[in-house]
There are 2 protein chains.
Amino acid sequence: MTDMNPTNQQILHYARHFLQCRGYNGFSYKDISQKLGIKNASIHHYYPKKEDLVAALLEEGRKNFATSIAQIVESGGSAREQLQYYFNRALQEFDEGKCICPPGSVIIGFEELPEEVKNQNLLLLDHILDWITNVLRTGLEKGEFNFSDPVEAHAEEVVETLMGARLLSSIKGRKTLVRAISSIKSGLGWKD
Amino acid sequence: MTDMNPTNQQILHYARHFLQCRGYNGFSYKDISQKLGIKNASIHHYYPKKEDLVAALLEEGRKNFATSIAQIVESGGSAREQLQYYFNRALQEFDEGKCICPPGSVIIGFEELPEEVKNQNLLLLDHILDWITNVLRTGLEKGEFNFSDPVEAHAEEVVETLMGARLLSSIKGRKTLVRAISSIKSGLGWKD
DNA sequence: CAGAACCTACTTATATGCAGGTAGACATGT
DNA sequence: ACATGTCTACCTGCATATAAGTAGGTTCTG
């Protein structure tokens, strides 16, 4: 985990890409090794089993997310700025060809997935939901947002709308995602 | 297609189930044949290739959907009643353990899927979008709904919110889906 | 030289699909 | 009536590809 040489980073990079494009069952070590010009066994060297790879991926995503947010908060980012970061990430990943967010891609076929993958995905998902809940609460108190339903429910709404929008936009194009983000904002009473 | 003996129906039944729970790459003929107590080869008898099975599934879904809607319209169903049928279907499928709608489950890994599957999924998706667009337009004209953004955009919103909600609710539970449906309704200016 | 990085070569399991066979239903013609 | 042929549904058995993972060797590097 703390061992982050270039190859390991590249493995995680492409694994993330394939996971978000194709889901857990839609890619293999071969897809990754071919991209890197190495052999399957080399990936097994870093991640003995596929579930180790994907679990590590999700865990890293969670920590990475936490770090990014911490930076924004530290530099005095408002609730809107924090949320905008999340939206920008979605747009950026769309532009990179990733059709769905990591937690979303690991919901398909959830029951049949290895235990550790499921656990890490639940952690990631709850992390995001908790964070959005907090941002919404803060933003509401500070008058940056304006909505009437419970904060927790609205946080779920934000996440699920974005998930669905990413799925649909991978077929319908970028403007579908952009429009969904606008719609989320207006649901928050956020006009810019 | 028109050949609908019991075995064929069962094959489609379980194929639909697995597709909606696990996605295209998440199930095999074996999963289905085991459920039916028959052999893989028997499924190949009806559907020589997996892509034939899934394409047939999507096509059947589209026709089935068209028929159901036609019945409602024929019996004088209002725009709200038509849309409610769609919501009920989502809830019903949730209760059957299906985590995502058929078109959604065939978006994951879309690029790598067989051509005919992609085509049928686009047809199904556009069918649904066109239908919802029409229902929203009619409902708007008749004062059953009230919203200000373009009808086409709002139709996409409805679909994507429901897609995302179904994904998330498969982890977070039924109330997440129920709440999403309420939220969609209130976005349509539909208070009941 | 110790360990990390990467390799070859293998095993095992599973998915997909084809070839061809059998058993029973049904149909027909004489 | 019955012998014949044909069709459907399902089967056994096989071929091929790929995935996932193991064992153990090599090479490079501090």
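Residue numbers start from 1 in every chain, and the chains themselves are labelled A, B, ... in the order their sequence lines are given, proteins ahead of strands. All of these numbers come straight from a predicted model, not from anything done at the bench. The analysis underlying the following values was restricted to heavy atoms, covering all of them including side chains, and did not include hydrogens, waters or symmetry mates.
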Quick one: do B:Arg16 and B:Glu60 make a salt bridge, cutoff under 4.0 Å?
yes
Side-chain contact, heavy-atom cut-off 4.5 Å: A:Tyr29 with A:Lys50?
yes
Taking the nucleotide of DNA chain D with the closest heavy atom to each, which residue, A:Lys30 or B:Ala41, is nearer the 5' end?
B:Ala41
From the set D:dC10, D:dG21, C:dA5, return the single nucleotide nearest to any side-chain atom of B:Thr7.
D:dC10
What is the separation between atom CZ on A:Arg22 and atom C1' on D:dT18, rounded to the nearest whole Å?
14 Å
Specify the separation, in whole Å, of atom NZ of A:Lys49 and atom C1' of C:dT12.
14 Å
Less than 4.0 angstrom between a side-chain N/O of A:Tyr46 and OP1 or OP2 of C:dA4, yes or no?
no
Student check: side-chain heavy atoms of A:Val135 and A:Tyr86 closer than 4.5 Å:
no
Please give me the minimum heavy-atom distance between A:Gly61 and A:Arg89, naming the atom from each residue.
O-NH2, 4.5 Å
Measuring to OP1 and OP2 of D:dC11, would you say a side-chain N or O of B:Ser42 lies under 4.0 angstrom away?
yes
Can you tell me the distance, in whole Å, between the OH atom of A:Tyr29 and the P atom of C:dT12?
20 Å
Nearest-neighbour nucleotide for the A:His45 side chain, C:dT8, D:dC10, C:dA4 considered
C:dA4
B:Phe18 CZ to C:dA15 C1', in whole Å, measures 15 Å
Scan A:Asn40 against the nucleic acid and name what it touches under 4.0 Å (heavy atoms): base, sugar-phosphate only, or nothing.
nothing
Length of the line joining B:Leu53:CG and C:dA15:P, which is rounded to integer Å:
15 Å
Would you say a side-chain N or O of B:His44 is under 4.0 Å from OP1 or OP2 of C:dG17?
no
Here the distance between atom P of D:dA9 and atom CG of B:Leu36, to the nearest Å, is 14 Å
Closest nucleotide among C:dT16, C:dC7, D:dC10 to the B:Lys50 side chain:
C:dT16
Say whether, by atom type as modelled, one donor and one acceptor occur between the side chain of A:Gln120 and the main chain of A:Leu58 under 3.5 angstrom.
no
Give a yes/no on whether any side-chain N or O of B:Tyr47 is located under 4.0 angstrom from OP1 or OP2 of C:dG17.
no
If I take atom CG in residue A:Asp52 and atom C1' in nucleotide D:dA20, what distance separates them, rounded to the nearest angstrom?
12 Å
At less than 4.0 Å, is any side-chain N or O atom of A:Ser28 found next to OP1 or OP2 of D:dT18? Yes or no.
no
Using only side-chain N and O atoms of B:Lys39, determine if any of them is under 4.0 Å from OP1 or OP2 of D:dC10.
no
For atom CD1 of A:Ile32 and atom C1' of D:dG21, their distance in whole Å:
15 Å
